[in-house]
Amino acid sequence: MRILPVGDLLVASDGDTSYQGDDPPDYVSAYTPTSRLCDSLTPRPRVERALDVGTGSGVQALLSARHAREVIATDVNPRALAYTELNAALNGFTNVECRAGSMFEPVPGETFDLITCNAPFVVSPENKWAYRDSGLPADEISERIVGAAAEHLADGGYATLLVSWIARSADDPEERPLGWVDGIGCDSWILPIISLDPLGHAARWNNHLAGSDDEGFRAALDDWLDYLEQLGVEMVTEGAVLLHRRPGKSHTARVDAIDDDALDHAGDQIQRAFAARGRLSELGKPAELLDAKLSIAASVRLERELEPGGGRPGVSVAEVEVSEGTNPVVETSSDALDVVAALDGGTPLGDVVQSVADKLGLSGSEAAELRRESLELMQELLELGALAFH
């Protein structure tokens with residue numbers, strides 16, 4: 001075994017053989033790239049109860065134990081729970097309880113304010129490793145996780161779920177997760193990260209054989225490709241589904257691809273984004289947003305790319321770059337950038353737009369177009385957590 005620092009935590013786990021192809025079936029890793037992803041996408045409000053499903057070494061449970069009164073950690077792997085108990089003691093946490101069982105089975109009827117899950121979500125024909133393979137067909141494990149998380153989420157609670165899904169048509173890659181979140185009583189945010197065709201997916205998860213066992217690598221590719229062909233798969237996507245439970249009958253879903261290499265800790269952004277979506281759902285019509293007082297809530301960069309040429313230069317690209325969390329970029333018009341820059345949290349949006357139109361000397365039709373562009377941009381930035389209702 002080994003003990004590694006993860007931030008200011010110490011995390012014990014199995015030795016450094018992961019992804020080399022010789023891991024035992026019950027291998028327990030410390031802090032993998034997917035562990036970092038789950039951590040980065042988890043909101044961190046102070047809560048009463050948190051749940052970590054498929055806890056592994058317990059690192060997500062320990063991270064939650066800092067801001068939750070009670071944390072329940074579940075895993076089907078007894079060695080994983082042993083490591084979680086050791087790591088809780090190693091870091092001085094007395095509020096982490098381990099329960100043996102598959103996924104949500106150890107917590108029947110219980111609800112939680114925060115749920116994290118980095119389960120064995122890989123779409124795989126094998127049942128080789130507890131940390132990778134669920135033994136369920138296609139993406140059924142991910143579908144079950146999303147549905148069960150919604151059922152166990154308390155009002156106002158958040159869930160961060162690492163999952164994967166198949167697409168039988170590359171033209172509709174998010175059909176599966178959009179179906180999972182429909183009617184579950186939560187706002188959802190679907191974040192695709194890696195989308196691969198069947199060969200790319202098979203090669204990604206058997207790369208440990210390449211070079212050291214070429215015959216085994218080819219055999220594995222054949223097995224995985226046959227399996228995915230039987231399922232009619234054109235694309236496999238790995239990513240995250242975020243949930244927020246709030247009162248009301250109308251809930252929304254949105255999809256945003258993210259680059260995990262550019263991802264910072266997005267917990268605050270996620271909380272702002274879901275809060276804004278709740279407020280937006282209360283508006284009778286989009287134009288009512290003109291009466292709202294908005295403020296910039298994140299670190300943003302307003303950028304114009306000027307076209308060369310004589311006279312007054314034109315603007316070829318105008319963008320709002322959010323420089324934190326998921327680091328999204330939103331394209332808009334140059335004039336709408338001036339509206340963002342003028343937001344002060346105290347003036348209704350409609351008055352801000354009119355003030356900018358007056359300063360720019362826009363005609364009536366041009367001012368109306370700026371109003372339309374501003375409404376679209378402000379809603380997008382609110383849903384991305386870059387702006388907030390003041």
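All values below were derived from every heavy atom in this structure, side-chain atoms included, with hydrogens, water molecules and symmetry-related copies excluded.
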| said: Between I193 and E238, is the side chain to side chain contact (heavy atoms under 4.5 Å, CB included) condition met? List the steps. | reply: CA-CA 6 Å; I193 297 172; E238 297 168 17; 5.7 Å; no
N-O pairing of [X] and [Y] below 4.0 Å:
| X | Y | value |
| --- | --- | --- |
| R176 | D139 | yes |
| R44 | D39 | yes |
| R372 | E369 | yes |
| R279 | E288 | no |
| R49 | E110 | yes |
| E97 | R99 | yes |
| D113 | R245 | no |

| said: Determine whether L289 and M378 satisfy the following criterion, side chain to side chain contact (heavy atoms under 4.5 Å, CB included), listing intermediate values before the conclusion. | reply: CA-CA 9 Å; L289 188 56; M378 300 309 148; 4.1 Å; yes
| task | Count the heavy atoms belonging to other residues, nucleotides or ligands that lie under 6.0 Å from CG of D268, then report whether that count exceeds 12. | result |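 No.
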| request: Could you tell me which residues satisfy side-chain contact (heavy atoms from CB on, under 4.5 Å) with L196, sequence neighbours excluded, listed by chain and number? | output: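 With neighbours one apart ignored, the set is I194, H201, R204.
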Smallest separation among heavy atoms of [X] and [Y], with atom names:
| X | Y | value |
| --- | --- | --- |
| W224 | A202 | CB-CB, 3.6 Å |
| D75 | T55 | OD2-N, 3.2 Å |
| E383 | W189 | O-CH2, 4.2 Å |
| D8 | N91 | O-OD1, 4.4 Å |
| L302 | L337 | CD1-O, 3.7 Å |
| V356 | A342 | CG2-CB, 4.2 Å |

Find out whether [X] and [Y] are in side-chain contact, i.e. whether some heavy atom of one side chain is under 4.5 Å from a heavy atom of the other.
| X | Y | result |
| --- | --- | --- |
| V71 | L51 | no |
| V11 | Y83 | no |
| T326 | D259 | no |
| E229 | P198 | no |
| S29 | D14 | no |
| R272 | L387 | no |
| N77 | L81 | no |
| M1 | L86 | yes |

Tell me yes or no: between the side chains of [X] and [Y], is some donor less than 3.5 Å from an acceptor?
| X | Y | answer |
| --- | --- | --- |
| S299 | E324 | no |
| D358 | Q354 | yes |
| S363 | E366 | yes |

Test your reading of the model: is there a side-chain donor-acceptor pair from [X] to the backbone of [Y], 3.5 Å cut-off?
| X | Y | result |
| --- | --- | --- |
| N327 | A262 | yes |
| S374 | L370 | yes |
| S40 | L37 | no |
| S102 | V76 | no |
| T42 | T160 | no |

Do [X] and [Y] sit in one hydrophobic cluster, given that two such residues count as connected whenever their side-chain heavy atoms are within less than 4.5 Å of each other, even indirectly?
| X | Y | value |
| --- | --- | --- |
| V96 | V59 | yes |
| Y158 | L242 | yes |
| L225 | Y227 | no |
| L162 | L263 | yes |
| I166 | L161 | no |

| Qualifying residue for side chain to side chain contact (heavy atoms under 4.5 Å, CB included) with R277, from H251, R254, H244 |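 Considering H251, R254, H244, a side chain to side chain contact (heavy atoms under 4.5 Å, CB included) with R277 is found only for R254.
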Which distance, rounded to the nearest 0.5 Å, do you find between the [atom1] of [X] and the [atom2] of [Y]?
| X | Y | atom1 | atom2 | result |
| --- | --- | --- | --- | --- |
| T84 | Q60 | OG1 | CD | 11.0 Å |
| L349 | D291 | CG | CG | 9.0 Å |
| I190 | E174 | CD1 | CD | 7.0 Å |
| D256 | L384 | CG | CG | 5.5 Å |
| L294 | D344 | CG | CG | 10.0 Å |
| Y31 | S57 | OH | OG | 10.5 Å |

| said: Assess the residue pair F112 and L153 against the criterion (side chain to side chain contact (heavy atoms under 4.5 Å, CB included)); give the C-alpha distance rounded to whole Å, side-chain angles, the decisive distance to 0.1 Å, and a yes or no. | reply: CA-CA 5 Å; F112 300 86; L153 206 55; 5.6 Å; no
| F93 and N87: CA distance, side-chain angles, deciding distance, side chain to side chain contact (heavy atoms under 4.5 Å, CB included) verdict | CA-CA 8 Å; F93 290 115; N87 286 327; over 6 Å; no
| request: Classify the ring geometry between F104 and H152 as parallel (under 30°), tilted (30 to 60°) or perpendicular (over 60°). | output: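 Rings of F104 and H152: parallel, as their planes differ by under 30°.
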| message | Set out, in order, the CA-CA distance, both residues' side-chain angles and the distance that settles salt bridge (charged side-chain N to carboxylate O under 4.0 Å, His left out) for R246 and D187, then state yes or no. | response | CA-CA 8 Å; R246 63 171 176 81; D187 289 324; 2.5 Å; yes
